[in-house]
Amino acid sequence: MLKQRVITALIVGAVALALIFFAPRGLFDLAMLGLMLLGAWEWSALAGRPDRNSRLALAVAFGLLALAAGWLQGREPRALLIYCVAALAWWVVSLAWIASWRAEFSRPVKILCGLVTLLPSLTAVVAIRGWSPWYLLVLLLVTSGADIGAYFAGRTFGRHKLAPQVSPGKTWEGVAGGVGMVILVAAICDYWLKLPVLPFIALCVCVALLSVVGDLSESLFKRQAGLKDSGNFFPGHGGVLDRVDSITAAASLYWLGMSWLLGGHS
């Protein structure tokens, strides 16, 4: 299993880097749309509709909405700001849902949650890559660094459970280890980006913390649907949502924060 996970991670990493740095804009946008459609396909199962027709219908609906959102964004520059603010509002609600409520939503509400999870993150990732591939790479390094730091710190020092009813393996010590790793990653990245160092590190820490909310949110949806993984698209790693759950939460905040930093820095 470990060998399979490593091989899959290396292949996915190589493909992701090739898309980020070498793909023409049209190809990159198409790849991100395809990733969102796969995410919508898997979300149908989280919403309680795992049959093929329901999955296909939801993927088509999400695809059309993504195209409509892109069209609107091309004519109204503030559209992406609205998408990202709406996403942050959902993640605040999601945090409260995970921390204390944990009620199971109706299917229409679950579908709406999926839309607000996937659509803003898609548009934000495309916009970030439009600034510079390096900025998008930093987002991936921050979310990956948070995961890696949390994994090793949790295994070594983990004693206090973060959300045992949602994801029993996560601990507060893991979160602290993830934040420590992100501070190191952010400091190294800022050496080349030349942004105001303290605001940039603070942004990256907030992005990392929000990525934990994204991870826990998907875990709760899976638990309520009786699923271990969202799918099996990535051998040894689960489905698309299992791989991008952190980024779906992090991308909107990262875009908002970087918009402010780049605007103030220029």
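We use all heavy atoms of the structure for the numbers below, so side chains are in, but hydrogens, waters and symmetry mates are not.
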Inspect the surroundings of CH2 in W134 and state if more than 12 heavy atoms from other residues, nucleotides or ligands are less than 6.0 Å away. no

More than 12 heavy atoms of other residues, nucleotides or ligands under 6.0 Å from CZ of F152: is that the case? no

Contacts of type side-chain contact (heavy atoms from CB on, under 4.5 Å), residue N53, not counting sequence neighbours: D51

Do L17 and L30 land in one hydrophobic cluster if side-chain heavy atoms of ILVMFWY residues count as linked below 4.5 Å? no

Can you name the side-chain contact (heavy atoms from CB on, under 4.5 Å) partners of I20, sequence neighbours left out? F28, P133, L136, L140

Do you know which two heavy atoms are closest between Y135 and Y254, and how far apart they sit? O-OH, 2.7 Å

Just wondering, more than 12 heavy atoms not from F21 lying within 6.0 Å of its CZ? yes

Pairs touching residues 143-162 that satisfy side-chain hydrogen bond (donor to acceptor under 3.5 Å, both in side chains), sequence neighbours left out: H160-E173

side-chain hydrogen bond (donor to acceptor under 3.5 Å, both in side chains) partners of residues 23-45, not counting sequence neighbours, each pair once: E42-S230

Checking T248 now: which residues fulfil side-chain contact (heavy atoms from CB on, under 4.5 Å) with it, not counting sequence neighbours? W91, T117, L118, S121, V244

Ignoring hydrogens and angles, write down the donor-acceptor pairs under 3.5 Å from the side chains of residues 92-101, residues two or more places apart or on other chains.
from : atom 1 : to   : atom 2 : distance (Å)
S94  : OG     : S217 : OG     : 3.3
W97  : NE1    : A103 : O      : 2.7
S100 : OG     : A96  : O      : 3.2

Salt bridge (charged side-chain N to carboxylate O under 4.0 Å, His left out): pairs with one or both residues in residues 80-103, sequence neighbours excluded: none

Among residues two or more places apart or on two chains, list those pairs meeting side-chain hydrogen bond (donor to acceptor under 3.5 Å, both in side chains) that have a residue in residues 174-192. none

Please list every donor-acceptor pair under 3.5 Å in which a side-chain atom of residues 56-79 meets a protein atom from a residue at least two apart or in another chain.
from : atom 1 : to  : atom 2 : distance (Å)
R75  : NH1    : W71 : O      : 3.3
E76  : OE2    : R78 : N      : 3.0
E76  : OE2    : R78 : NE     : 3.0

Kindly state each residue pair satisfying salt bridge (charged side-chain N to carboxylate O under 4.0 Å, His left out) with at least one member in residues 120-139, sequence neighbours excluded. none

Closest non-hydrogen atom pair, A47 against K110: CA-CD, 3.7 Å

Please list all pairs meeting salt bridge (charged side-chain N to carboxylate O under 4.0 Å, His left out) that have one or both residues in residues 53-73, counting only residues at least two apart or in different chains. none

With sequence neighbours left out, write down each residue that passes side-chain contact (heavy atoms from CB on, under 4.5 Å) with L162, or none if nothing qualifies. K170, W172, V175, V212, L216

